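Only one structure is covered here, and it is reproduced in the block below.
Treat the numbers as computed from the prediction; the structure is a model and nothing was measured.
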2 protein chains.
Amino acid sequence: MRRLAEELGAEAMSLYYHVAKKEDVLDGIVDVVAEEVNDAAARVDSGPDWKGTARRRILAARQVFLRHRWAPGLFATRSSTSMAVLEYYDNLVALMREDGFSHDRIHHALHALGSRALGFTQELFDPGTGASAEVPAEVAERLPNLVGMLSEIAHDDPDSTLGWCDDQAEFEFGLDLILDGLDRLRERD
Amino acid sequence: MRRLAEELGAEAMSLYYHVAKKEDVLDGIVDVVAEEVNDAAARVDSGPDWKGTARRRILAARQVFLRHRWAPGLFATRSSTSMAVLEYYDNLVALMREDGFSHDRIHHALHALGSRALGFTQELFDPGTGASAEVPAEVAERLPNLVGMLSEIAHDDPDSTLGWCDDQAEFEFGLDLILDGLDRLRERD
DNA sequence: ACCTGAACACCGTTCAAGT
DNA sequence: ACCTGAACACCGTTCAAGT
């Protein structure tokens, strides 16, 4: 609050005339970003199949989060969801409904996708942070399989030494895995 | 820190003799929980196929997080990963390796699973928090598809009014979607 | 070796008082 | 209507001083 007020050329206490508490400010920021996501998603043209359209929408949403890298962390802390986020999911429900999914299946799908539907995943651990070369021998011995995997991947693709792990390709792999799986279930709906 | 010290019957400042900063305490807690997860995973007996074994391990890990519901939130805030967590993933790599996966495919798989491999998912929004009946008409009109979906699901399964959405079934659905997808790819490795 | 009191630099927030 | 200074109740952390 104090920092935000300074940025605005005012005192921290002045903020409390416009807003009840800090949480409300954060909720507002989430809303702004979510609107930006909705705008981006609305600009993708829809094709004949739900899967392609969903994929393009989600990748468009992802672009917004790539521009605001602090946003996923913020979204994760919010408990009550913003109206704009709900509208995004609402549109996804409509899209799947049009292609024959049952409500029950869509419900499962939303849970399975989680934040991936919005275009981001929170990486729990970044296996690439420490390149295999930097790992002290002592810990490497306790992680033979992980270290083996990482060293082979680094070897195969030496260009990506900085970030050997291509986040975009990674995201698309996981996304397609889920979308394809859901599409297969659709045929039974 | 002050609260923790009180719980221990000491002053907050005493903690700093044993630990450098608060973050180290949190890292330690993560380690303890992760060891608990490793113990649980080690107790499941491995079957002939990687998929079944992975599934049982992950569901055993999940039990640990169900006992410590604050843990997922804690894990999400950590940036550097604990050794114990890495060991858990190392074991997963070994399991998939034995069943013919390439290193590259395993790498993708770990990213696709994310925290689900450890047995939990961070729900970005809980569509069930507000039962459809409680939703004010004004917002319901802006979310026709979501409200329609939720009301039908609530109608189909009136027993689960409190938590109409069965987390365990939800988790297993998403997990199987990914494991099945990966298994199909394995046949091409 | 282990603990503590006093103190510092931060927070978010309240409220009576200013213009 | 909008802003502010002083103040409160919290944080994590340091450090010299205690036993």
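Going from atom CH2 of A:W50 over to atom CE of A:M96 covers 4.0 Å, rounded to the nearest 0.5 Å.
Put simply, CD on A:E11 is 15 Å from P on C:dT19, counting in whole angstrom units. Counting to the nearest Å, the P atom of C:dT4 and the OH atom of B:Y17 are 13 Å from each other. Regarding B:E6, its CD atom lies at a distance of 17 Å from the C1' atom of C:dC3, rounded to whole Å.
Within a 6.0 Å radius of CZ in B:R142, other residues, nucleotides and ligands contribute 12 heavy atoms or fewer.
Electrostatic pairing of A:R2 and A:E11 does not count as a salt bridge here, judged by no charged N lying under 4.0 Å from a carboxylate O. Ionic pairing of A:K51 and A:D180 is present here: one or more N-O contacts between side-chain nitrogen and carboxylate oxygen are shorter than 4.0 angstrom.
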Mind listing the side-chain donor-acceptor pairs of residues 23-35 of chain B below 3.5 Å, one per line with the distance, residues two or more places apart or on another chain?
unit_1: B:E23; atom_1: OE1; unit_2: B:R78; atom_2: NH2; d: 3.3
unit_1: B:D24; atom_1: OD1; unit_2: B:K21; atom_2: NZ; d: 3.2
unit_1: B:D27; atom_1: OD1; unit_2: B:R78; atom_2: NH1; d: 3.0
unit_1: B:D31; atom_1: OD1; unit_2: B:S82; atom_2: OG; d: 3.1

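A cation-pi arrangement is absent between B:R62 and B:F120 under the rule of less than 6.0 angstrom and at most 45 degrees off the ring axis.
In this structure, the side chain of B:S46 does not engage the main chain of B:T53 through any donor-acceptor pair within 3.5 Å.
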Between the protein and nucleotides 12-16 of chain D, are there any N/O to N/O pairs under 3.5 Å, and if so, what are the atom names and distances?
unit_1: D:dG12; atom_1: OP1; unit_2: B:M1; atom_2: N; d: 3.3
unit_1: D:dG12; atom_1: OP1; unit_2: B:K22; atom_2: NZ; d: 3.2
unit_1: D:dG12; atom_1: OP2; unit_2: B:M1; atom_2: N; d: 3.1
unit_1: D:dG12; atom_1: N7; unit_2: B:R2; atom_2: NH1; d: 2.3
unit_1: D:dG12; atom_1: O6; unit_2: B:R2; atom_2: NH1; d: 3.1
unit_1: D:dG12; atom_1: O6; unit_2: B:R2; atom_2: NH2; d: 3.3
unit_1: D:dT13; atom_1: OP2; unit_2: B:Y16; atom_2: OH; d: 2.7
unit_1: D:dT13; atom_1: OP2; unit_2: B:K22; atom_2: N; d: 2.8
unit_1: D:dT13; atom_1: O5'; unit_2: B:Y16; atom_2: OH; d: 3.3

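There is a side-chain donor-acceptor pair under 3.5 Å between A:H107 and A:H111.
Secondary-structure stems of DNA chain C, taken as three or more successive Watson-Crick or G-U wobble pairs (i with j, i+1 with j-1) under a 3.5 Å distance threshold, comprise C:4-8 with D:12-16, C:12-16 with D:4-8.
Look at B:S14 and you'll find a side-chain N or O under 4.0 angstrom from OP1 or OP2 of C:dT4. The shortest distance between the side-chain N/O atoms of B:H18 and the OP1/OP2 oxygens of C:dA1 is not below 4.0 Å.
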